[in-house]
Every structure is written in C-alpha cells, then in structure tokens.
Amino acid sequence: MERSERSGLARLMLRYPDRREALRCKAAEDANFRDLCEAYEAACVAVDYWAKSAEPVGPERAVEYQQLAAAVEEDILRNLS
C-alpha cells in the first residue's frame, strides 16, 4: 500500500472509528478501494492547502475540494456495504 493510500485510510479510520476493521479489511483486499482512499487523501490535502492559501480563490477552492472529499467519502462508505 502506498503512502497516500495509507494516509487516506488513516483519515477515514479516525473519522469512522466504529468502521475501522471494515475499512482495514477492504483496503487489504481491494485495489480500487485503495485508489478511493488515495483520492480521499488528495482531496483532503487540497482542502487544507486552499483553506490556508492567501490567494483570492483560496476559499472557493477549499469548498470545491471539500465537496470532492465528501463525494469520495460517500463512495468509500458505499463500498463498505
């Protein structure tokens, strides 16, 4: 598992402690699920970056990436079912 996949998985396990085991098992067996974890990590990193940015578009970009992170999170939770 790559670093960004592990980081995304860790974020999800912190967010959903009651689903840690299901997240861990799914990540161990499903490459597509690991790709979703990686996408989730990338979106979360982008939210953090743009939220701190002094650029005029920063707040707008932060919202866009937050929406993307939420959509990926929904996909991840659907994959657990």
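For the atom pair E21 CD and L80 CG, the distance stands at 11.5 Å (nearest 0.5 Å). From M13, atom CE reaches atom CZ of R24 across 5.0 Å, with rounding to the nearest 0.5 Å. Here C25 contributes atom SG and D30 contributes atom CG; the two are 12.0 Å apart, rounded to the nearest 0.5 Å. Atom CZ of R19 and atom CG of L23 lie 8.0 Å apart (nearest 0.5 Å). We find the CD1-CZ distance between I76 and R15 to be 11.0 Å, quoted to the nearest 0.5 Å. Of the inter-residue distances, the one linking L36 atom CG with R78 atom CZ reads 9.5 Å to the nearest 0.5 angstrom.
Looking only at atom types and distance, the side chain of E38 has a donor-acceptor partner in the side chain of S4 under 3.5 Å away. Under the 3.5 Å distance criterion, with hydrogens and angles disregarded, a donor-acceptor pair is assigned to the side chains of E73 and Y16.
No more than 12 heavy atoms of other residues, nucleotides or ligands shown are found within 6.0 angstrom of OH on Y65.
A distance-only check finds a donor-acceptor pair linking the side chain of E5 to the backbone of E2 [under 3.5 Å]. Checked by atom type and distance alone, the side chain of S53 never pairs as donor or acceptor with a backbone atom of Y49 at under 3.5 Å.
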Quiz item: Can you check side-chain contact (heavy atoms from CB on, under 4.5 Å) on M1 and L9, steps first, answer last?
Solution: CA-CA 10 Å; M1 188 180 298; L9 179 61; 4.2 Å; yes
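Counting only heavy atoms from C-beta outward, the side chains of E64 and W50 never approach each other to under 4.5 Å.
The hydrophobic clustering, which links ILVMFWY residues whose side-chain heavy atoms are closer than 4.5 Å, places L68 and V47 together.
Taking both residues in full, the closest heavy atoms of A51 and A62 are given as N-CB, 3.9 Å, listed atom of the first, atom of the second, then distance.
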